[in-house]
Amino acid sequence: MIARVIVDVPSRQTDRPFDYEVPEELAGWVEPGSRVGVPFGGRVVQGFVIATAEQADVDRSKLKPIAELLDHMPPLSPDLIELGQWISEKYCCPMTVALQAMLPSALKGKAESYVAIAPDKAEAALFEADWMNYIRQQGGETKLASLQAKFPDAAREVKAAIAEGRLTERAAIRDRLSVRKVLTVFPPADREEAELALTAIPARAAKQREVLRYMIGQEDPIPLQALIETLSTTSSTVRALADKGLLVMQEVEQNRDPYAGRSFRRTEPLTLMEGQQKVYDQIADALDVAEPRVFLLHGVTGSGKTEVYLQAIEHCLDLGKQAIVLVPEISLTPQMVERFKGRFGHEVAVLHSRLSGGERYDEWRKIREKRARVAVGARSAIFAPFERLGLIIIDEEHESSYKQEESPKYHARDVAVRRAKQHGAAVVLGSATPSLESYTAAALTNASSDGRGAALLPMPERVGGKPMPPVTIVDMREELRGGNRAMFSRPLYEGLKLRLERGEQSVLLLNRRGYSTFVMCRACGYTAQCPHCDIALTYHQKSRVLRCHYCGHAEGSPTACPSCESEHIRFFGTGTQRVEEELSKLFPGIRVIRMDVDTTTEKGSHEKWLTMFGERKADVLLGTQMVAKGLDFPYVTLVGAIAADTSLHLPDFRAAEKTFQLLTQVAGRAGRHRLPGEVIIQTYNPEHYAITTAQHHDYDAFVKEELSHRRQMAYPPYCRLILITLSHEQLPQVINAGDKLAGLLRQSAEEAGAGGGGFNSRFIEVLGPVASSIPRIKDRYRFQCMVKYRGNVDAVGIVRVAVAAVARPQDKASVQISVDVDPQVIL
DNA sequence: CGAGCGTGTGAA
DNA sequence: TCACACGCTCGG
């Protein structure tokens, strides 16, 4: 038998299957999806079997055998292999990168070298070197790495021994992590016999007696460690009993359950409101017919989307299928997990980035081994290895965290639609502020109603008929004219004061971390820049350093201008740290929790701060966009956006969309319960449509305006985009490669017969090369080309060919090229 | 990507 | 004449 193997060497020229002989003894074990170790170019690497065959692609004598099989159960199923193929094509990445992205990183094995004493040379005891003795002690074989560590000076001798054949070398793939095993003690099988034996234990072995007596009274096996602790004894006592055959000790597989010891209160389905019921019925119908469908659930904040999700999942499980729920990383809080665990108990597997590698692996195995039927997780949970997928829910579908920034640069929404197609599953995209891509897909579908695309499910009312909180826009230019130069406008100041007096809570949003955004000399105009990136340094008050938010570079803050030596060097712009300081000045004794990347890097800290806030141990929750999402606290009655414009002027065609979404989301945090809420937005652009429409919670008005802008500028959803970024340490190299790439792209575009310009059904246009918006990051210059296209054009294919041609000299000095396919309209 | 090989260069 | 450095090719 032949196996087609994708080797784990992520490069353009090895991105194709290689054929291997399947050894006789593995014939029944190796199947598509198996993970194997194979000899490749003089070493052993990890690989994935993507197919098996009888006939090889190449001369059979060239074939090498598979060296080892790495798992009993193939980690990939055929549908995931197919999905990997699709990802690799669509997002322009090597197949192995796509496949690896679908698995927990624990399954990324590295080759390890072992050396053994050659069997026929075993009598060569003449070699009484201490390293040789060491190998013998280890049972005749040991890791080369540990030999190197213990006997650093023996390198020459060991090498010689291998060369002469006195030692044999073998390579094997070792996983980063394995199943955790715990030594566990089992109660005696025959209690009467054990009782009898108890009397036979000598009087001086009091501890042994105690242990045995305890174990006789025990129903379940308990971990050795726990036993030792409860009876304050030692392992030798227990071992002695085991040696006498009175107790059994065994390695037992242990799941690292991140939610162990936490009980979740079981919840029952709630009665749905009329609006919810209508939406639920449509999803349930789709589940019954088991055809691929996409729904866009447009529900305002607080409209009860989650309950609809839960009941849809329940229906899906009743049909004998499984479900995936994606939520943005940031809202994977215990509260969120609790809702799912509360309804579906231990059948829920939770996958997110704050889990340790081992925990993540164990949750994944729970799915693979069919012990879980619901997966709740961030982006990568879309790859949960279910066999009969019935339903995929993507909550807050507009969130940008569904797009992976590293290769493979996939968008979970697009992958979800593709997976649903494979399984005949339904996709439910939920949001209060749907992305324009999804919204137009739904609008087009409803117009044509041919069953393809996305069906729109509106839920315009809040549960309990709660009104949306009133939103006040404060024009900061007016404030300035009125003589207020502070960061808080008078209305926001008054609002905060009132909340403090009433003992209510406030949430403040500022999309800039650090203390100040830039440092400038008032005398000569010098600004502190990062020496490695073309970006201003941010001052951090606590550590008193200037830090680059792109590469992490840090330097001491200057007291005098490094350029003109003037002392008029000042900090400008406002970051979260500065707001915190200002709050303490204005309201002495105020309790502020600041949440940004600087305060939430520690594991569990995010959760800790939110719990504190929920227990009303703080008056104000101040943070970057992470405070905008999914929080639900009854005593929050004021929400303030300190500088709504921060995200409005970013060099991104989605800037207005992101601003609208952020403001709408954060506004939804206020007054969700008994106490009425209020929202204050400070801005220098009070008449901008992203802000005025957010003020009135008017999604439709925003979309109308934004779509007309997109149409004018020919941006998505009116076209598709591919952004190609080139980077290199040397500027001329980047410019050169950029020109060459753009030339090739234009040539292919022309050959594709779709000339630029206009809105004809087929077009492709190449823009650039131009310097990227941040022209240098980490000492690398950056240029970019953009490909805009519409209709039936294989733009990704054209890009792939052009990139391959430019990146040909594959030494490490060559220009790095990254291809970023913009999330596409679902159809 | 990385091992191995061929070519070329330099020092004895 | 040999040692090593560099770059290219190829891997099953």
Side-chain angles (χ1 to χ4, degrees), chain A residues 1-27 29-70 81 84-85 88 91-101 103 105 107-115 144-145 148 155-156 158-160 162-163 168-174 176 406-408 727-730 733 737 800 803-819:
Chain A
M1 189 166 68
I2 307 294
R4 303 245 140 82
V5 176
I6 297 290
V7 292
D8 188 23
V9 178
S11 86
R12 214 159 272 120
Q13 38 264 299
T14 49
D15 189 23
R16 63 198 161 91
F18 287 85
D19 285 354
Y20 286 87
E21 183 82 52
V22 179
E24 200 68 28
E25 68 274 19
L26 289 181
W29 297 89
V30 171
E31 51 188 310
S34 293
R35 196 167 57 110
V36 292
V38 289
F40 188 75
R43 69 218 141 109
V44 173
V45 298
Q46 178 180 286
F48 293 98
V49 175
I50 56 158
T52 54
E54 288 311 315
Q55 208 53 51
D57 278 347
V58 290
D59 177 12
R60 219 175 161 119
S61 63
K62 264 176 88 179
L63 294 190
K64 288 186 181 170
I66 288 174
E68 58 175 333
L69 178 68
L70 298 173
I81 295 173
Q85 227 126 30
S88 142
Y91 300 105
C92 260
C93 73
M95 179 73 171
T96 181
V97 173
L99 294 178
Q100 208 75 67
L103 300 175
S105 54
L107 293 183
K108 189 176 168 68
K110 265 197 78 181
E112 235 171 27
S113 191
Y114 291 81
V115 286
L144 184 59
Q148 279 162 353
R156 193 164 284 267
V158 174
K159 275 189 202 162
I162 294 169
T168 55
E169 199 182 7
R170 179 176 74 89
I173 305 287
R174 211 184 61 121
R176 296 244 187 101
E406 308 85 53
S407 182
S727 74
H728 194 271
E729 287 170 21
Q730 310 281 314
Q733 311 257 37
R800 189 183 309 111
V803 166
V806 173
R808 178 142 26 230
Q810 65 271 16
D811 56 299
K812 45 189 171 294
S814 108
V815 176
Q816 240 181 55
I817 303 181
S818 113
V819 178

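Throughout, protein chains are lettered first and strands after them, A, B, ... in sequence-line order, and every chain is numbered starting at 1. Keep in mind it's a predicted model, so treat the numbers as computed, not measured.
Heavy atoms of other residues, nucleotides or ligands lying less than 6.0 angstrom from CD of A:E25 number more than 12.
Nucleic acid contact for A:R16: base, since at least one base atom lies under 4.0 Å from a heavy atom of the residue. Among the heavy atoms of the strands lying under 4.0 Å from A:K64 are primed sugar atoms or P, OP1, OP2 only; no base atom is included. Nucleic acid contact class of A:Y20 (heavy atoms, under 4.0 Å, all strands): sugar-phosphate only.
Between A:R43 and A:V9, the closest side-chain pair of non-hydrogen atoms falls below 4.5 Å.
Tested against A:Y20, the residues A:V36, A:V30, A:I66 include a single side-chain contact (heavy atoms from CB on, under 4.5 Å) partner, A:I66.
Nucleotide B:dC1 holds its P atom 15 Å from the NZ atom of A:K110, rounded to whole Å. In this entry the distance linking CG of A:L63 with C1' of C:dG11 reads 13 Å, nearest Å. Counting to the nearest Å, the P atom of C:dG12 and the CZ atom of A:R4 are 16 Å from each other. If you measure from atom CD of A:Q13 to atom C1' of B:dG2, you get 11 Å, rounded to the nearest angstrom. C:dG12 atom P lies 13 Å from atom CD1 of A:I66, rounded to whole Å.
For the pair A:F40 and C:dG11, the ring geometry qualifies as stacking, because the centroid separation is below 5.5 Å while the planes lie within an angle under 30°.
A salt bridge links A:D8 to A:K108: at least one charged side-chain nitrogen sits closer than 4.0 Å to a carboxylate oxygen.
Within 3.5 Å, a donor on the side chain of A:R43 pairs with an acceptor on the base of B:dC1, or the reverse.
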